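One structure below.
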Amino acid sequence: MKTLLVIAIAMSCFSFCPINEKEEPNGRPGFYVLVEDYSARTYQKYLVESKDSVDKIFNNCFNSELRLGEIDSPISIYNVRHNFYVARVTIFDTPRGKKKFKNLKYPEADVKRKAGEPVVF
């Protein structure tokens, strides 16, 4: 009798417990931006969804010295004061409301280099 009672209680507990299903995150395209300022010894990370936001961060970092074109693969720009890194990612929201990202898979770069000549991609 006790065994049947324990089984009945266990079955009722399992029927009301939420099932941990792994949900596929519905992602949207975005950009991961990392700006390191060596003069102030700070760094900032950004997850943005539009190219206009990336351009604005880039212009604030380099004071419009350069223009940022299309981003087909990760880009890293370094001068003496700043290191700027931008990559395309997939952004999704976690169940707790935070933003997370997943890196895109880029093809390997085929780099050919001869002695005394610049790198050709």
Side-chain angles (χ1 to χ4, degrees):
M1 190 67 176
K2 287 184 180 181
T3 309
L4 287 174
L5 183 62
V6 170
I7 291 174
I9 292 173
M11 293 297 279
S12 65
C13 288
F14 285 123
S15 64
F16 293 113
C17 292
I19 299 172
N20 292 334
E21 293 181 5
K22 196 161 195 177
E23 233 179 67
E24 286 294 321
N26 49 352
R28 52 199 181 277
F31 299 93
Y32 171 75
V33 180
L34 173 68
V35 179
E36 294 176 309
D37 185 4
Y38 294 120
S39 60
R41 295 183 182 180
T42 61
Y43 71 95
Q44 298 166 343
K45 296 179 185 178
Y46 302 98
L47 276 177
V48 294
E49 296 181 14
S50 69
K51 176 78 167 61
D52 295 334
S53 300
V54 175
D55 289 336
K56 187 171 183 177
I57 294 167
F58 185 78
N59 289 338
N60 286 338
C61 180
F62 289 105
N63 297 327
S64 299
E65 296 171 6
L66 302 170
R67 298 254 182 227
L68 187 62
E70 292 297 318
I71 301 171
D72 296 329
S73 60
I75 298 172
S76 181
I77 300 171
Y78 170 76
N79 67 6
V80 178
R81 291 179 287 157
H82 295 98
N83 184 18
F84 182 85
Y85 174 80
V86 61
R88 294 179 66 112
V89 295
T90 302
I91 299 174
F92 60 93
D93 295 323
T94 62
R96 294 185 179 185
K98 294 184 179 181
K99 285 187 178 182
K100 295 268 183 163
F101 68 95
K102 184 177 179 183
N103 291 321
L104 296 179
K105 302 231 176 190
Y106 294 101
E108 296 231 355
D110 184 24
V111 179
K112 298 176 183 175
R113 185 175 184 138
K114 295 179 183 176
E117 293 184 11
V119 174
V120 177
F121 288 101

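Keep in mind it's a predicted model, so treat the numbers as computed, not measured.
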Practice prompt. Quick one: pull up CD1 in Ile57 and CG in Asn60 and give me the separation to the nearest 0.5 Å.
Written response: 8.0 Å
Practice prompt. Dump the intermediate steps for side chain to side chain contact (heavy atoms under 4.5 Å, CB included) on Ile77 and Phe58, then the final yes or no.
Written response: CA-CA 10 Å; Ile77 300 171; Phe58 185 78; 3.5 Å; yes
Discussion item. Can you list everything that forms a ring-ring contact (aromatic ring centres under 6.0 Å, His included) with Phe101? Sequence neighbours excluded, please.
Written reply: Tyr32
Worksheet, complete the sentence: Contacts of Phe31 meeting ring-ring contact (aromatic ring centres under 6.0 Å, His included) (sequence neighbours excluded), chain-then-number -> none
Worksheet item: In terms of hydrophobic clusters joined by side-chain contacts under 4.5 Å, are Val89 and Ile71 together?
Response: no
Worksheet item: If Ile, Leu, Val, Met, Phe, Trp and Tyr residues are connected whenever their side-chain heavy atoms lie under 4.5 Å apart, and connections chain through other members, are Tyr85 and Val54 in the same group?
Response: no
Kindly give the heavy-atom pair with the smallest separation between [X] and [Y], and that separation in Å.
| X | Y | value |
| --- | --- | --- |
| Glu70 | Ile75 | O-CD1, 4.3 Å |
| Phe92 | Gly27 | CB-CA, 4.2 Å |
| Ile91 | Gly30 | CD1-CA, 3.8 Å |

Under the side chain to side chain contact (heavy atoms under 4.5 Å, CB included) rule, collect the residues that match up with [X], sequence neighbours excluded.
| X | value |
| --- | --- |
| Thr90 | Leu104 |
| Ser73 | Tyr106 |
| Arg96 | Thr94 |

Check residues 33-44 and write down every donor-acceptor pair under 3.5 Å in which the side-chain atom is one partner and the other belongs to a residue at least two apart or another chain.
residue	atom	partner	partner atom	Å
Glu36	OE1	Tyr38	OH	3.1
Glu36	OE1	Asn83	ND2	2.9
Asp37	OD1	Ser39	N	3.3
Asp37	OD1	Ser39	OG	2.8
Gln44	OE1	Tyr46	OH	2.6

Worksheet item: Quick one: salt bridge (charged side-chain N to carboxylate O under 4.0 Å, His left out) partners of Lys56, sequence neighbours excluded?
Response: none
Discussion item. Going by the rule salt bridge (charged side-chain N to carboxylate O under 4.0 Å, His left out), which residues pair with Lys100 if we only count those two or more places apart in sequence or in a different chain?
Written reply: none
Worksheet item: If you link I, L, V, M, F, W and Y whenever their side-chain heavy atoms are under 4.5 Å apart, who else ends up in the same group as Val80?
Response: none
Worksheet item: With a cut-off of 6.0 Å (strictly less than), are more than 12 heavy atoms of other residues, nucleotides or ligands near NZ of Lys102?
Response: no
